Amino acid sequence: MRLIEFNGMSRPVSEWAKLTGISSDTITKRLNLGWSAEETLTTPIGKQGRRATRVAAQSIAHELPALRGWQRDMHAAHRQMTRSVRSFVRQMEEQMAELRHGLDQHLAAQRDEAHRHAAATPGVGQNSQEIVRDRCSRVAQESV
């Protein structure tokens with residue numbers, strides 16, 4: 001049991017906790033961190049060493065109308081930029097779709113031309129077994 005002396009009274013941590021409303025864990029931690037007995041028992045529990053919350057930022061914004069105006073302007077500019085970027089992306093997607101369509105048409109025209117050429121040229125487009133037989137017979141004739 002740890003005794004703390006303050007204002008001429010020596011009491012255990014648990015009694016000081018009941019008297020001050022500060023938890024015994026907090027009192028013990030403060031003492032272990034090197035706080036004096038007076039600091040430990042008189043400093044209210046709260047935000048010592050903690051990060052500021054968003055509430056503090058909002059209260060500053062209410063106190064500074066210029067900051068709120070700047071925030072509103074920046075938000076409007078961000079919305080406008082987002083719209084512009086989305087519009088640009090849509091235009092690019094449309095152009096890419098048109099290019100893909102044009103390429104597909106071009107490839108189809110080339111394929112059709114190749115088929116027409118194959119149909120008009122003898123020997124082009126024969127099945128592979130006929131081509132192999134034809135080559136084999138030519139090689140056999142040349143070797144004789």
Side-chain angles (χ1 to χ4, degrees), residues 1-139 142:
M1 179 183 323
R2 187 172 189 176
L3 293 175
I4 303 173
E5 188 173 328
F6 176 64
N7 281 344
M9 296 183 284
S10 184
R11 297 178 186 221
V13 172
S14 59
E15 284 188 39
W16 284 116
K18 289 177 188 172
L19 289 171
T20 61
I22 300 171
S23 74
S24 57
D25 286 341
T26 300
I27 293 172
T28 303
K29 286 177 187 175
R30 287 177 176 182
L31 291 171
N32 290 339
L33 288 171
W35 290 33
S36 68
E38 181 180 356
E39 287 177 315
T40 299
L41 299 173
T42 58
T43 303
I45 52 175
K47 298 177 183 173
Q48 293 83 19
R50 294 187 188 162
R51 288 184 0 205
T53 61
R54 294 186 71 152
V55 174
Q58 289 174 350
S59 66
I60 290 171
H62 288 295
E63 293 173 359
L64 302 172
L67 181 60
R68 289 181 58 78
W70 179 82
Q71 179 188 19
R72 186 174 38 255
D73 294 345
M74 293 308 299
H75 185 67
H78 180 265
R79 279 195 321 263
Q80 179 59 42
M81 185 170 36
T82 301
R83 282 189 211 113
S84 297
V85 168
R86 286 182 180 153
S87 173
F88 175 76
V89 169
R90 266 193 306 275
Q91 289 174 357
M92 291 297 106
E93 288 173 344
E94 289 170 3
Q95 288 180 6
M96 290 300 295
E98 289 173 11
L99 287 171
R100 280 192 298 270
H101 179 70
L103 180 62
D104 288 344
Q105 287 181 331
H106 179 72
L107 291 175
Q110 280 185 335
R111 189 178 51 244
D112 292 345
E113 180 64 28
H115 287 298
R116 279 194 296 277
H117 179 68
T121 307
V124 175
Q126 293 175 340
N127 82 35
S128 59
Q129 290 177 350
E130 291 175 7
I131 293 171
V132 169
R133 266 189 263 123
D134 185 43
R135 285 186 187 154
C136 290
S137 64
R138 274 193 238 143
V139 170
E142 290 173 2

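Atoms considered below: every heavy atom in the structure, side chains included; atoms not considered: hydrogens, waters and symmetry mates. On a predicted model such as this, the values are computed, not experimentally measured, just so you know.
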Enquirer: Which heavy atom of I22 sits nearest a heavy atom of T40, and at what distance?
Expert: CD1-O, 3.7 Å

Enquirer: Does a sphere of radius 6.0 Å around CE in M92 hold more than 12 heavy atoms from other residues, nucleotides or ligands, not counting ones at 6.0 Å or beyond?
Expert: yes

Enquirer: Quick one: CG on L107 to CG on L103, what's the gap to the nearest 0.5 Å?
Expert: 4.5 Å

Enquirer: Could you walk me through whether E39 and L33 pass the side-chain contact (heavy atoms from CB on, under 4.5 Å) check?
Expert: CA-CA 11 Å; E39 287 177 315; L33 288 171; over 6 Å; no

Enquirer: With sequence neighbours excluded, what pairs up with R11 under the salt bridge (Lys or Arg N to Asp or Glu O under 4.0 Å) test?
Expert: E15

Enquirer: Using a 3.5 Å distance criterion without hydrogens, assess whether the side chain of S84 forms a donor-acceptor pair with backbone atoms of Q80.
Expert: yes

Enquirer: If the threshold is 4.0 Å, N to carboxylate O, is there a salt bridge linking E113 and R116?
Expert: yes

Enquirer: Taking W16 for the side chain and I27 for the main chain, is one N or O donor matched with an acceptor at less than 3.5 Å?
Expert: no

Enquirer: Run the numbers on L41 and N7 for side-chain contact (heavy atoms from CB on, under 4.5 Å), then give the verdict.
Expert: CA-CA 11 Å; L41 299 173; N7 281 344; over 6 Å; no

Enquirer: Output, in order, the C-alpha distance, side-chain angles, deciding distance and verdict of side-chain contact (heavy atoms from CB on, under 4.5 Å) for H75 and R79.
Expert: CA-CA 6 Å; H75 185 67; R79 279 195 321 263; 2.7 Å; yes

Enquirer: Taking side-chain hydrogen bond (donor to acceptor under 3.5 Å, both in side chains) as the cut-off, I'd like each qualifying pair that reaches into residues 100-111, sequence neighbours left out, listed once.
Expert: H101-Q105, H106-Q110

Enquirer: Which pair of non-hydrogen atoms, one from E5 and one from A37, has the smallest distance, and what is that distance?
Expert: O-CB, 3.6 Å

Enquirer: Just do the side-chain contact (heavy atoms from CB on, under 4.5 Å) check on L31 and R2 with the steps written out, would you?
Expert: CA-CA 11 Å; L31 291 171; R2 187 172 189 176; 3.5 Å; yes

